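Fair warning: this is a prediction, and the values are worked out from it, not measured in the lab. Residue numbers count from 1 along this sequence.
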Amino acid sequence: MEEELKCPVCGSLFREPIILPCSHNVCLPCARTIAVQTPDGEQHLPPPLLLSRGAATAAPPSDQDAAAGATCGGAGASAAGGLGGGAAGGGDHADKLSLYSETDSGYGSYTPSLKSPNGVRVLPMVPAPPGSSAAAARGAACSSLCSSSSSITCPQCHRSASLDHRGLRGFQRNRLLEGIVQRYQQGRGVVPGASAAPAVAICQLCDRTPPEPAATLCEQCDVLYCATCQLKCHPSRGPFAKHRLVQPPPPPAPPEATPVSTGTSTAPSAGGCRSPGGAGASVLRKFPTCPEHEMENYSMYCVSCRSPVCYLCLEEGRHSKHEVKPLGATWKQHKAQLSQALNGVSDKAKEAKEFLVQLKNMLQQIQENGLDYEACLVAQCDALVDALTRQKAKLLTKVTKEREHKLKMVWDQINHCTLKLRQSTGLMEYCLEVIKEDDPSGFLQISDALIKRVQVSQEQWVKGALEPKVSAEFDLTLDSEPLLQAIHQLDFVQMKLPPVPLLQLEKCCTRNNSVTLAWRTPPFTHSPADGYILELDDGDGGQFREVYVGKETLCTIDGLHFNSTYNARVKAFNSSGVGPYSKTVILQTSDVAWFTFDPNSGHRDIILSNDNQTATCSSYDDRVVLGTAAFSKGVHYWELHVDRYDNHPDPAFGVARASVVKDMMLGKDDKAWAMYVDNNRSWFMHCNSHTNRTEGGVCKGATVGVLLDLNKHTLTFFINGQQQGPTAFSHVDGVFMPALSLNRNVQVTLHTGLEVPTNLGRPKLSGN
């Protein structure tokens, strides 16, 4: 709870908290430091001075309290000093420049910083030495700045609010929060308001933690600097050359600490109440009083202004015409609302704790799964390395065998060639010696034998004998490129089935005899789906069948039975297989059929109007038009109203297959079952067979009803609520569409979505 009791500006427990218009709280002293004013004379400043400010148009903060006219500290004092010095001494513009510099004037900056819990950098007020120019000019500064427009910006939501003539006193003081802080301090054994002053003055511009001790104080800027910040932010040159730097003043003495009484608390005196803090606490707290009527306690609550008021405010003040409620009743009501809101926050906090436990468990699971995957990856890579090593040994064996084979072949050829060369050389030397002989008879005696030997020796050097039998090159080629590509493309692939699709019930709907289903993949899934399979039963609780396979996540199925309940489910698939089914969703089709004439199925001479509910024809011949609905189950009833009936035509009403012939009267082929009627009588017709002539026809304003009962497989007709003849057709089975044939002398309007009538008249007797 301590964080809720700390001021967002100073980071300490609230002191005299006030409520800003945005409902956030801030200490009254801190509000004085962040209040922003714009001097009235800003528009009269010389151009160089305005340009030096850039985009930062914030003015020095000052105290807007009605009771703080004589005390303006911190940045306000520096502004007063700057204005006072400029007015009295007529200083140059360079000296006035420091009045608007954010580095030397002590202005608060709203840029994020580590100096405040909310990034609002606030320069604390520093007491100026007696006799200094800044101290002398405080009164003049406060009086001059009080005439400026003022505003305050909330340090939490950064909303700005303008101050009226009452200044910060115009904001309500949060006495409830102040009491809670007092009780909290008493529970910790700390006297409210007691705070230890720093042992030494500290630098106001240090980014270090803790700040460095202050070394100098600029009298004109009224800001404490350490040695480093003074060289960095306030050098003794340029506009700052005329500023006077003095030793920092001694810090104020700490207030006397009042010990907390732990004995028996005294009874509360009049005008005060005992603090409900820790045991034995005896600090008395005054009842809150009206800020406009200080002697009156709050007694009512203004609903319009959302604030407590006294009875004088209701009689004399601005709340006289506002809606008010008793303070106690409103107090209890708001407590109940706060308790109810706290219950919701408590539930969310409980869910958050459970969620944190889940996340912490996930940390452990992620750690364990990561180690498992790393071990699996190392094992797989080691297996690949082992397989590559074994294959390397096999390939090296093949190279060794090939090398040894080539070497053997070459050595054999060398030995063979060497032997033949030796023999040929010896024969050549012998023949040369024989040729040197001078004895003809001796030469001729052996010449024939030598010639044959030389010829045989020559024949031994046949073609190819002096060519190597093997090549020095190896014919083995290792194609490692596919393997290298496979290694480079080696990556994790989906090895898991896709997750269960999540049905989006808010997008699932039914319309007439069609249903629309939508689903999505769960978030944070690492096994994407390549497609989905949607399954639907037959509407009677039968087996599921596939009605859609594809990548879309939205599907509409038409042509279902009316007044039927369907079960649907979906599953995903990828290269690893088919995932589990989703939850089953139950869809109910419409009880009755809503349909119109179908402009796409009608003959080209058919003319439709009234949103395809009224039909006529441009030809004197009968033409057929079908409805947009198809029936194969259930009981269905619709009516056709005769809007125009001229020259006694024979319109036909009934049902047909989708492939019915459309350029002749309905019922003349085997694809239609109809009743055609004139102004006196009617007939039933199917396959050009006319049966059951019945007296009674139609005229303008008549209504023809068609009752298709596919549970009993019958078709019945009605004229003006009276059954026309017996049941027209039996053993009607299959898929049927409403149908009508007419010519240009007739115009009818279709009425659908009708309940099956129960008060229809008795059938008329047929004429044959």
Side-chain angles (χ1 to χ4, degrees), residues 362-422 424 459-501 519-534 546 548-553 570-581:
M362 284 184 62
L363 290 175
Q364 183 66 23
Q365 293 178 0
I366 291 173
Q367 187 71 15
E368 295 176 355
N369 291 340
L371 294 176
D372 293 342
Y373 273 103
E374 288 179 1
C376 180
L377 177 63
V378 170
Q380 289 178 328
C381 291
D382 290 343
L384 292 176
V385 172
D386 292 341
L388 186 60
T389 302
R390 291 193 298 269
Q391 191 65 22
K392 172 185 173 183
K394 292 181 180 179
L395 295 177
L396 288 176
T397 302
K398 289 185 177 180
V399 172
T400 302
K401 290 182 178 180
E402 182 70 13
R403 182 188 61 194
E404 293 177 352
H405 173 69
K406 287 180 176 291
L407 291 175
K408 182 177 181 300
M409 293 293 293
V410 172
W411 277 115
D412 290 346
Q413 195 171 10
I414 289 175
N415 295 333
H416 181 70
C417 186
T418 302
L419 178 61
K420 287 189 173 295
L421 181 59
R422 186 181 300 116
S424 298
E459 291 175 357
Q460 289 180 354
W461 301 100
V462 294
K463 184 178 181 180
L466 298 179
E467 294 179 0
K469 294 183 178 181
V470 294
S471 172
E473 302 295 332
F474 282 76
D475 297 333
L476 302 176
T477 303
L478 181 62
D479 187 10
S480 60
E481 188 62 27
L483 182 58
L484 289 175
Q485 292 181 359
I487 292 176
H488 293 155
Q489 296 174 358
L490 186 62
D491 200 352
F492 296 102
V493 296
Q494 54 182 24
M495 299 297 294
K496 295 182 179 180
L497 298 176
V500 179
W519 59 90
R520 63 181 178 87
T521 303
F524 308 113
T525 178
H526 299 285
S527 300
D530 295 338
Y532 302 92
I533 300 174
L534 176 62
E546 293 183 2
Y548 171 75
V549 178
K551 295 183 178 180
E552 300 296 330
T553 57
V570 64
K571 59 183 177 181
F573 64 87
N574 58 17
S575 58
S576 299
V578 180
Y581 284 104

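Rounding to the nearest 0.5 Å places NZ of Lys392 at 12.0 Å from CG of Leu478. With rounding to the nearest 0.5 angstrom, the OG atom of Ser424 is 9.0 Å from the CG atom of Leu419. Atom CD of Gln367 and atom CG of Asp372 lie 10.5 Å apart (nearest 0.5 Å). Rounding to the nearest 0.5 Å gives a distance of 10.5 Å between CG of Leu395 and OG1 of Thr400. Note that CG of Leu534 is 9.5 Å distant from CD of Glu546, once rounded to the nearest 0.5 Å. The distance from the CG atom of Leu363 to the CD atom of Gln365 is 9.5 Å, given to the nearest 0.5 Å.
Partners of Glu368 by side chain to side chain donor-acceptor pair (under 3.5 Å), not counting sequence neighbours, listed by chain and number: Gln364. Taking the side chain to side chain contact (heavy atoms under 4.5 Å, CB included) definition, one finds that Leu476 meets it with Val399, Glu402, sequence neighbours left out. Annotation: side chain to side chain contact (heavy atoms under 4.5 Å, CB included) contacts of Lys408 (sequence neighbours excluded): Asp412. Take Leu483 and apply the side chain to side chain contact (heavy atoms under 4.5 Å, CB included) test, not counting sequence neighbours, and it matches Leu388, Ile487. Scored by the side chain to side chain contact (heavy atoms under 4.5 Å, CB included) test, Cys417 finds Trp461, Leu466 as partners (sequence neighbours excluded). Partners of Tyr532 according to the side chain to side chain donor-acceptor pair (under 3.5 Å) rule, which considers only residues two or more places apart in sequence or in another chain, are Thr521.
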Item checked: Residue pair Tyr548, Val570: steps toward the side chain to side chain contact (heavy atoms under 4.5 Å, CB included) verdict -> CA-CA 9 Å; Tyr548 171 75; Val570 64; over 6 Å; no

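The shortest non-hydrogen separation linking Pro498 to Ala529 is CB-CB, 4.2 Å. What you find for Pro522 and Pro499 is that their closest heavy atoms are CD-CG, 3.9 Å. Shown here for Val500 and Pro580, the closest heavy-atom pair between the two residues is CG2-CG, 3.1 Å.
Inter-residue side-chain proximity for Gln413 and Val410 is flagged as unmet; no heavy-atom pair is nearer than 4.5 Å. Residues Lys571 and Ile533 meet the side-chain proximity criterion, which asks for heavy atoms closer than 4.5 Å. When side chains are defined from C-beta on, Leu384 does not count as touching Gln380, because their heavy atoms never get closer than 4.5 Å.
The neighbour count for Phe474 CZ, taken as heavy atoms of other residues, nucleotides or ligands under 6.0 Å away, is above 12. Heavy-atom contacts from other residues, nucleotides or ligands closer than 6.0 Å to CD of Gln485 number more than 12.
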